[in-house]
Amino acid sequence: MAVRLCDVASLLRSGSWAPEPWTGQVIATMETQMSNGPTCNNTSNGPSTMSNNCSSPVESGSIEDSKTNLIVNYLPQNMTQEELKSLFGSIGEIESCKLVRDKITGTSWYSRTDELAGQSLGYGFVNYVDPKDAEKAINTLNGLRLQTKTIKVSYARPSSASIRDANLYVSGLPKTMTQKELEQLFSQYGRIITSRILVDQVTGVSRGVGFIRFDRRVEAEEAIKGLNCQKPPGATEPITVKFANNPSQKTSQALLSQLYQSPNRRYPGPLAQQAQRFRLDNLLNMAYGVKSRFSPMAIDGVTSLAGINIPGHAGTGWCIFVYNLAPDADESILWQMFGPFGAVTNVKVIRDFNTNKCKGFGFVTMTNYDEAAVAIASLNGYRLGDRVLQVSFKTNKTHKA
DNA sequence: TGGTATT
């Protein structure tokens, strides 16, 4: 499997690196983000853009808009608050960090086990001490691929009831209408935060259905009044515009049945296919006599492998040794390299105490054996800048835990 | 009727 690693600087700027097998997905994802361009950028430049909609831009910009508080969207379902903190903590000191979780499952009378306690809603907030670090986090981590997701990092708008429930569901769109045209149609009613057109998974053709999230609910209301049952320019049929279903208003019944359907589900996708191809479970079984129909860690946490000396297994996941990193390597490059392969819980660049430069190696902890093994198989021997990486499970011999 | 966007 070929993996192209281009130069570190451009990786850090674009945050768009991904292993080859997922190239198609990445392009599709990035296109979405790019066609979101203007609105994404506006969001990223939150304070100044927000100001443009206010009557006294300078004052409201400086008083209301935080330059340290970020919202992070499209996080992998299984990413924890600690992992979020670890990822964003690699940029700078964090004042606070919160992964937003579902309230129904989180406070349920039903069960308080980790598996059922408050499912991640896929977004969170990171508040930095220093505004410069917040800006750096946007530049470095926005667009980062983690598992099957491409995260979005932008300034959080000041929390307010007026920005809630501002998401619209639009149907009956001409199949030829692009996301840009959809935005053009709706932008007359306010500032668009996100837009999306749903496409057929196989053909890629528009399903004529989309979403528009406005900055404020009143803007969404005006758009319904103005566009519902109207024909867009050139269209033969009128469109339907209404408030989108709010996923958080799903019944607890639906949520619980969802949990039952896939209590331990990771995002398999291409990873699972890769894993199957490599027959990694069998390899593990042959090498160590360990059954890993699921990731060993997932069976009962730390104890399932207690006392079994397996390289790379550190008790909290699978520790991977990454050798031949450049002196200026930092944690974010490790997140970018390993994140697309699966659940990464921690990354660490080992630095010289005096110079603070990377000593040439680092560690990555991944939750699932299969994903770690695919990452190693893919990244070992590949060129990062002018260096060829050596990637393996951490051995006890080389470095003590 | 989303790749769960305001704690």
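Below, chains carry the letters A, B, ... as their sequence lines are ordered, and counting in each starts from 1.
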Student: Check the distance between B/dA5's C1' and A/Ile212's CD1 and give it to me in whole angstrom.
Tutor: 14 Å
Student: Between atom OH in A/Tyr169 and atom C1' in B/dT4, what is the gap in whole Å?
Tutor: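 After rounding, the reported distance stands at 17 Å.
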Student: Strictly below 4.0 Å, N to O, side chains only: are A/Glu221 and A/Lys225 in salt-bridge contact?
Tutor: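 No, no charged N to carboxylate O under 4.0 Å.
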Student: Tell me: OH of A/Tyr155 to C1' of B/dA5, nearest whole Å?
Tutor: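 Distance check: A/Tyr155 OH to B/dA5 C1' gives 18 Å.
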Student: For B/dT1, take OP1 and OP2 only and decide whether either is under 4.0 Å from a side-chain N or O of A/Arg196.
Tutor: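 The answer is no; no side-chain N or O of A/Arg196 sits under 4.0 Å from OP1 or OP2.
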Student: Using a heavy-atom cut-off of 4.0 Å across all strands, would you classify A/Asn69 as base, sugar-phosphate, or nothing?
Tutor: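 Base contact.
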Student: From the options B/dG2, B/dT7, B/dT4, select the nucleotide whose nearest atom is closest to the side chain of A/Phe211.
Tutor: B/dG2
Student: Can you pull the salt bridge (charged side-chain N to carboxylate O under 4.0 Å, His left out) pairs that have at least one residue in residues 341-356 of chain A, sequence neighbours excluded?
Tutor: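 Residue pairs passing salt bridge (charged side-chain N to carboxylate O under 4.0 Å, His left out), neighbours aside: A/Glu331-A/Arg351.
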Student: Round to a whole Å and report the spacing from CD1 of A/Ile163 to P of B/dT7.
Tutor: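 Computing the A/Ile163:CD1 to B/dT7:P distance gives 8 Å.
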Student: OP1 or OP2 of B/dT4 versus the side-chain N and O atoms of A/Arg213: is any pair under 4.0 Å?
Tutor: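 No, because none of the side-chain N or O atoms of A/Arg213 sits under 4.0 Å from OP1 or OP2 of B/dT4.
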Student: So, does A/Lys242 get its side chain near the phosphate of B/dT1, meaning an N or O under 4.0 Å from OP1 or OP2?
Tutor: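 The answer is no; no side-chain N or O of A/Lys242 sits under 4.0 Å from OP1 or OP2.
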Student: Using a distance-only criterion (donor-acceptor N/O pair, under 3.5 Å, no hydrogens), is the base of B/dT6 paired with the side chain of A/Arg164?
Tutor: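 Flag unset: no donor-acceptor pair detected.
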Student: Could you measure the distance from the CE atom of A/Met79 to the CG atom of A/Leu146? Nearest 0.5 Å is fine.
Tutor: 5.5 Å
Student: Would you say the side chain of A/Asn167 and the base of B/dG2 hold a donor-acceptor pair, judged only by whether the two atoms sit under 3.5 Å apart?
Tutor: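 Per atom types, the contact qualifies.
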Student: Between B/dT7, B/dT1, B/dA5, which nucleotide gets closest to the side-chain atoms of A/Tyr74?
Tutor: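 Of B/dT7, B/dT1, B/dA5, B/dA5 is nearest to the side chain of A/Tyr74.
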Student: Tell me what A/Tyr123 touches on the nucleic acid: a base, only sugar-phosphate, or nothing, going by heavy atoms under 4.0 Å.
Tutor: sugar-phosphate
Student: According to the interplanar angle, ranging from 0 to 90°, do the rings of A/Trp318 and A/Tyr369 count as parallel (below 30°), tilted (30 to 60°) or perpendicular (above 60°)?
Tutor: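 Rings of A/Trp318 and A/Tyr369: perpendicular, over 60°.
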Student: From the options B/dT1, B/dT7, B/dT4, select the nucleotide whose nearest atom is closest to the side chain of A/Lys98.
Tutor: B/dT7
Student: Taking only side-chain nitrogens and oxygens of A/Thr194, does any of them come within less than 4.0 Å of OP1 or OP2 of B/dA5?
Tutor: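 Result: no.
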Student: With sequence neighbours left out, write down each residue that passes ring pair (Phe, Tyr, Trp, His ring centres under 6.0 Å) with A/Tyr169, or none if nothing qualifies.
Tutor: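 With sequence neighbours excluded, A/Tyr169 shows a ring pair (Phe, Tyr, Trp, His ring centres under 6.0 Å) to A/Phe211, given in chain and number order.
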